[in-house]
Amino acid sequence: MSNSTYRWVIVAAGGLLGCVAIGGMFSLPVFLQPMARETGWSVTGISSAMTIGFLAMAFTSMIWGTLSDRFGPLPVVLTGSIVLAASLALASQAPSLLAFQFMFGVLVGAATAAIFAPMMACVTGWFDTHRSIAVSLVSAGMGMAPMTMSPLAAWLISHHDWRTAMLIVSSVVGAIMIPVSFLVRRPPALRGDHAAAATANGEPAMSLGQALRSPQFIILIATNFFCCATHSGPIIHTVSYAVTCGIPMVAAVTIYSVEGLAGMGGRIAFGLLGDRFGAKRVLVLGLLAQAFGALGYVFVRELAAFYAVAAVFGFIYAGTMPLYSVLIRENFPLRMMGTVIGGTAMAGSLGMATGPLAGGLIYDTFASYTWLYVGSWATGLGAFLIMMTFRPMATARPTAVPARREIRNLSPDPTYYSCRMPAEGDHVVASWTVIAVPLHESRLCTMICNGLQPRRR
């Protein structure tokens, strides 16, 4: 599995599917003002469809993940792609605000959730090595949505009415996502006879109920909730905050673009760091840095300072997100990846739903956004402290080591070798094998150690 080149096709498919799905949902802000002008619906009512969408994502993520575990990612992702395209088409013809909130909020949000957890679970199952960077690349694809689908929606809305523009977006979504869905494959370890082998090959022996009640799962969902609540408010309200500081709207919008571009780099960088230093260590440090990054907005008033803070904050918060999936893969059985990742995605979506409401209430109460960023800082510290308590499963899968190692010896004398099993940190002797090389075979002797490190005695 680890040598299969098709795993990178899975990464590319996941990134593209995520980009188009997230882009379709997050195109709503582009339609907001034209819709309000043409329909007479309130801006608050239209924008509430986004909050409903986050809630729909939260409550369906675990369902889609469980279906993915049972039937494989292909039927789930394909269903989500069809429903997403159909929901956008239906929303474009909504006769009332209530109908639009249901079609765009409930249906689009639920369909978008069918992409994230199943694809993250699928990608982690395809990789034993370079897992952090693979998951980060998929996440980076999703992060490209504001730079691809949103400009497309803006161009369409400038040439057509909002209904026609949204209908075209739905066609684009269907034309891309449905064919790409057929590229998705179940990880080889879960196909046929390999599934039983995967269960016995270092996987934690636990039922799904035990996994969902485990301290590790509870800590991960709590951390992800507070992590997403930390950056949700700043993401949603920073443009408005910049305007209150006297920065023109056109310039203020570019702050969000800087944050998004920095997030692309953050996903890749954190993925590389996760592979090098371990996902938990990088995530813990990232959560601490995210808290102080959010607090940094309190001290800025000029556009250049906003750019600097946005670049740092976007780099950090976007970089931390893929590491949750990596930690889940390292601590839970492959056969339940979709359900467990869906559970953390549910918590994250609920955390994201807090930002718009909390920021609005704080500004309405204090006529200032200062306490929003102070609250985000405190919430971020909470996420950091919760994650500090995380301990790996006692039976968690070890980091992959080469399956076979070949040592060639050209010495003319009898030689004795011993092998020792590497453990995390200092090497601990787990098993010894002594092999004598006779004289008549010494010109080219090959010793095969299954994942063991040889040491000459």
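All residue numbers refer to positions in the sequence shown, counting from 1.
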Find out whether [X] and [Y] are in side-chain contact, i.e. whether some heavy atom of one side chain is under 4.5 Å from a heavy atom of the other.
| X | Y | value |
| --- | --- | --- |
| Phe127 | Val135 | no |
| Leu28 | Val108 | no |
| Gln216 | Pro392 | no |
| Thr354 | Phe225 | yes |
| Lys280 | Met387 | yes |
| His160 | Leu167 | no |
| Thr244 | Tyr363 | yes |
| Cys227 | Leu287 | yes |

task: Could you pull out all residues at least two apart from Phe104 that satisfy ring pair (Phe, Tyr, Trp, His ring centres under 6.0 Å)?
output: Phe100

query: How would you list, by chain and number, every residue that makes a ring pair (Phe, Tyr, Trp, His ring centres under 6.0 Å) with Phe31, sequence neighbours excluded?
result: none

If we ignore hydrogens and angles and just use 3.5 Å, is the side chain of [X] paired with the main-chain N or O of [Y] as donor and acceptor?
| X | Y | value |
| --- | --- | --- |
| Ser207 | Gln210 | yes |
| Thr66 | Met62 | yes |
| Thr124 | Val326 | no |
| Glu259 | Phe313 | no |
| Ser139 | Ser136 | no |
| Thr389 | Leu385 | no |

Is the [atom1] atom of [X] crowded by more than 12 outside heavy atoms at less than 6.0 Å?
| X | atom1 | result |
| --- | --- | --- |
| Glu38 | CD | yes |
| Phe54 | CZ | yes |
| Trp371 | CH2 | no |
| Arg301 | CZ | yes |

field: side-chain contact (heavy atoms from CB on, under 4.5 Å) assessment of Leu303 paired with Ile255
entry: CA-CA 8 Å; Leu303 183 60; Ile255 298 171; 4.0 Å; yes

Enter the distance from [X]:[atom1] to [Y]:[atom2] here, rounded to the nearest 0.5 Å.
| X | Y | atom1 | atom2 | result |
| --- | --- | --- | --- | --- |
| Thr379 | His231 | OG1 | NE2 | 11.5 Å |
| Arg163 | Gln93 | CZ | CD | 6.0 Å |
| Ile22 | Met57 | CD1 | CE | 5.0 Å |
| Tyr317 | Ser232 | OH | OG | 10.0 Å |
| Leu327 | Arg131 | CG | CZ | 10.5 Å |
| Leu288 | Thr320 | CG | OG1 | 12.0 Å |

Kindly give the heavy-atom pair with the smallest separation between [X] and [Y], and that separation in Å.
| X | Y | value |
| --- | --- | --- |
| Val77 | Ala114 | CG2-O, 4.0 Å |
| Tyr307 | Ala251 | OH-O, 4.1 Å |
| Ala252 | Val243 | CB-CG2, 4.0 Å |
| Leu88 | Ser170 | CB-CB, 3.5 Å |
| Asp69 | Met337 | OD1-N, 3.5 Å |
| Val300 | Cys245 | O-SG, 4.4 Å |

task: Would you please test Val184 and Leu17 for side-chain contact (heavy atoms from CB on, under 4.5 Å) and show each step?
output: CA-CA 10 Å; Val184 178; Leu17 288 168; 4.1 Å; yes

query: Does the ring center of Tyr369 lie less than 6.0 Å from the ring center of His237?
result: yes

Hey, what's the ring geometry for [X] with [Y], parallel, tilted or perpendicular (30° and 60° as the breaks)?
| X | Y | value |
| --- | --- | --- |
| Trp377 | Phe292 | perpendicular |
| Tyr6 | Trp126 | tilted |
| Tyr297 | Tyr373 | tilted |

- prompt: Between Asn224 and Thr344, do the side chains contain an N or O donor and an N or O acceptor separated by less than 3.5 Å?
  reply: no

- request: Report the C-alpha separation of Val11 and Trp8 in whole Å, then their side-chain angles, then the decisive distance to 0.1 Å, and conclude whether the side-chain contact (heavy atoms from CB on, under 4.5 Å) test is met.
  value: CA-CA 5 Å; Val11 170; Trp8 296 109; 4.0 Å; yes

Check against side-chain contact (heavy atoms from CB on, under 4.5 Å), Val169 and Met149: CA-CA 8 Å; Val169 169; Met149 294 296 290; 4.2 Å; yes

